[in-house]
Number of protein chains: 2
Amino acid sequence: MALNRQRVLDAAVELADRDGIESLSMRRLSQELGVVPMALYKHVANKEELLNGMVEVLIAEIAPAAADIHWKSAVRARVLSARRSLQRHAWARQVIESRTGKSQAVLGYLDSVIGMFLAGGFSVDLTHHVMHAFGSRVWGLTQEVFEDPPATAPMDPAMFAHLAQLYPNVARMAGAADHDDSTVGQGCDDQFEFEFALDLLLDGFERLRDTGWSSRRSA
Amino acid sequence: MALNRQRVLDAAVELADRDGIESLSMRRLSQELGVVPMALYKHVANKEELLNGMVEVLIAEIAPAAADIHWKSAVRARVLSARRSLQRHAWARQVIESRTGKSQAVLGYLDSVIGMFLAGGFSVDLTHHVMHAFGSRVWGLTQEVFEDPPATAPMDPAMFAHLAQLYPNVARMAGAADHDDSTVGQGCDDQFEFEFALDLLLDGFERLRDTGWSSRRSA
DNA sequence: ACCTGAACACCGTTCAAGT
DNA sequence: ACCTGAACACCGTTCAAGT
């Protein structure tokens with residue numbers, strides 16, 4: 001019954017899951033826990049530390065690394081597992097991307113992925129650049145640029161014609177995506193797009209490894 | 001002297017440039033303009049619309065598309081130009097990534113990039129997936145996972161040894177990056193990392209185009 | 001050691017009123 | 001048409017005090 005760090009973090013995660021990250025305030029969270037706002041500050045230093053703690057909770061949910069021998073499927077499986085975990089928490093993307101300092105949990109996860117590349121015969125040099133190229137995709141994040149328009153409004157044809165005139169290429173592309181599922185305004189298959197990009201990167205990494213790429217030669 | 005939308009947006013950009021995005025509040029901005037907070041609401045509907053307007057200002061600064069014939073160098077130049085523009089505004093990444101609705105300015109920029117792929121012989125289908133794989137990198141954004149530690153604290157050796165034991169692979173990689181510039185704790189060359197990833201993606205796109213990739217065959 | 005109460009210095013935004 | 005004043009319902013956090 002006594003408050004402690006874990007209880008605070010779990011309640012924060014639950015509140016953010018339920019009502020959205022914009023509803024997570026120290027005051028609201030304290031209310032949820034039946035306690036006065038300042039009581040929280042005995043268990044987390046401030047709101048920043050609360051958010052860091054939430055990321056720890058998140059990472060703890062990622063499935064442990066598979067004992068797979070092949071580096072490519074090992075990395076693939078781990079990233080897709082991270083993706084599944086993060087998808088369970090709508091606030092994850094925004095919170096992870098807003099953290100600057102690396103918590104222990106974050107370092108631990110990155111260490112395991114780096115280890116997979118090294119075990120796969122990647123040089124330390126190449127691994128370094130490869131991890132940068134991966135970017136937030138190691139977390140299974142998609143960094144979308146086209147947010148699918150909310151499927152509620154199916155877009156009236158006059159409006160579409162107007163937009164098609166202003167942005168003909170966007171219109172062609174949107175049309176093509178629709179035809180594939182033979183539904184209109186259906187949007188894209190996020191999982192397909194993610195795996196497309198993931199495999200593109202992994203194949204690229206492999207090719208560089210096989211050709212003995214090094215930053216010295218390239219610069 | 002009279003307030004108008006452009007004056008409000010320009011002042012917001014200047015304030016965010018100077019004092020950081022966390023200092024940009026409607027109240028503070030109104031103060032900067034020598035006006036009462038509510039005066040702003042005649043020119044922008046709310047804070048969300050203010051932020052959208054700031055992104056418009058940003059995009060207007062991106063150099064127009066080069067009349068280059070080769071799709072690859074055209075895309076490359078445009079993305080790197082976007083990157084230079086966004087780098088002039090420290091708040092750009094955070095604000096762009098937090099916008100969901102696509103403003104006209106955003107659509108216009110995306111339309112031009114899509115057009116470059118289509119002109120380069122990419123199918124509409126492939127272009128669609130390629131744009132997804134690009135993600136926020138079309139803006140020149142890096143979606144870093146290792147923020148370089150603030151160069152102020154050079155990290156004492158005992159601390160480093162401790163971390164190296166917990167995260168051996170991270171330590172090896174950090175060590176390798178340091179050795180390349182023969183300085184310690186110097187961090188990475190962001191521009192190099194960005195172009196590494198950019199070229200990796202562009203080469204991958206090209207390869208898929210040349211092998212006649214289509215989502216139908218792949219699924 | 002842990003929780004409380006009151007206060008401080010802020011937010012974004014509504015509403016009715018002024019010129 | 002454009003700006004104002006006062007108010008509402010919030011924030012995160014400090015500080016001194018309670019048990």
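Residue numbers begin at 1 in each chain, while the letters A, B, ... track the order of the sequences. Values below: every heavy atom of this structure, side chains too, minus hydrogens, waters and symmetry copies.
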Mind jotting down which residue pairs meet the salt bridge (Lys or Arg N to Asp or Glu O under 4.0 Å) criterion with at least one end in [range]? Sequence neighbours excluded, please.
| range | value |
| --- | --- |
| residues 53-66 of chain B | B:R5-B:E56, B:E61-B:R88 |
| residues 157-169 of chain B | none |
| residues 107-117 of chain A | none |

Problem - Sub-4.5 Å side-chain heavy-atom contact between A:W91 and A:L86 - result: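 With C-beta onward as the side chain, the pair stays apart.
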
Let me know the distance between [atom1] of [X] and [atom2] of [N], rounded to the nearest Å.
| X | N | atom1 | atom2 | value |
| --- | --- | --- | --- | --- |
| B:R7 | D:dC2 | CZ | P | 14 Å |
| A:N4 | C:dA1 | CG | P | 17 Å |
| A:L29 | C:dC3 | CG | C1' | 15 Å |

Problem - For B:R83, all residues meeting salt bridge (Lys or Arg N to Asp or Glu O under 4.0 Å), sequence neighbours excluded - result: none

Identify all pairs in which a protein N or O lies below 3.5 Å from an N or O of nucleotides 11-13 of chain D, and state each distance.
from: D:dC11; atom 1: OP1; to: A:S25; atom 2: OG; distance (Å): 3.0
from: D:dG12; atom 1: OP1; to: A:M26; atom 2: N; distance (Å): 3.2
from: D:dG12; atom 1: OP1; to: A:K47; atom 2: NZ; distance (Å): 3.2
from: D:dG12; atom 1: OP2; to: A:M26; atom 2: N; distance (Å): 3.0
from: D:dG12; atom 1: OP2; to: A:R27; atom 2: N; distance (Å): 3.4
from: D:dG12; atom 1: N7; to: A:R27; atom 2: NH1; distance (Å): 2.5
from: D:dG12; atom 1: O6; to: A:R27; atom 2: NH1; distance (Å): 2.8
from: D:dT13; atom 1: OP2; to: A:Y41; atom 2: OH; distance (Å): 2.8
from: D:dT13; atom 1: OP2; to: A:K47; atom 2: N; distance (Å): 3.1

Handout entry: Stems where DNA chain D pairs, listed by first number, each of three or more Watson-Crick or G-U pairs under 3.5 Å
Key = C:4-8 with D:12-16, C:12-16 with D:4-8

Distances for protein N or O near nucleotides 17-19 of chain D N or O, under 3.5 Å:
none

Exercise for the section: Kindly say if A:H43 contacts the phosphate of C:dC2, meaning a side-chain N or O under 4.0 Å from OP1 or OP2. Expected result: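 No, outside the criterion.
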
Under the ring pair (Phe, Tyr, Trp, His ring centres under 6.0 Å) rule, collect the residues that match up with [X], sequence neighbours excluded.
| X | result |
| --- | --- |
| A:Y109 | A:W139 |
| B:F196 | A:H129, A:W213 |
| A:F194 | none |

Exercise for the section: Using the side-chain hydrogen bond (donor to acceptor under 3.5 Å, both in side chains) rule, collect all pairs that involve residues 37-48 of chain B, keeping only residues at least two apart or in two chains. Expected result: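 Residue pairs with at least one partner in residues 37-48 of chain B: B:E48-B:R99.
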
Practice task
Could you measure between the two P atoms, the one in D:dC10 and the one in C:dA9, and give it in whole Å?
Solution key: 22 Å

Problem - NZ/NE/NH1/NH2 to OD/OE distance under 4.0 Å, A:E195 and A:R76 - result: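 Salt bridge: yes.
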
Enumerate, atom names and distances included, each donor-acceptor pair closer than 3.5 Å involving a side-chain atom of residues 19-27 of chain B, sequence neighbours excluded.
from: B:D19; atom 1: OD2; to: B:R28; atom 2: NH2; distance (Å): 2.4
from: B:S23; atom 1: OG; to: B:D19; atom 2: O; distance (Å): 3.0
from: B:S25; atom 1: OG; to: B:R28; atom 2: N; distance (Å): 3.0

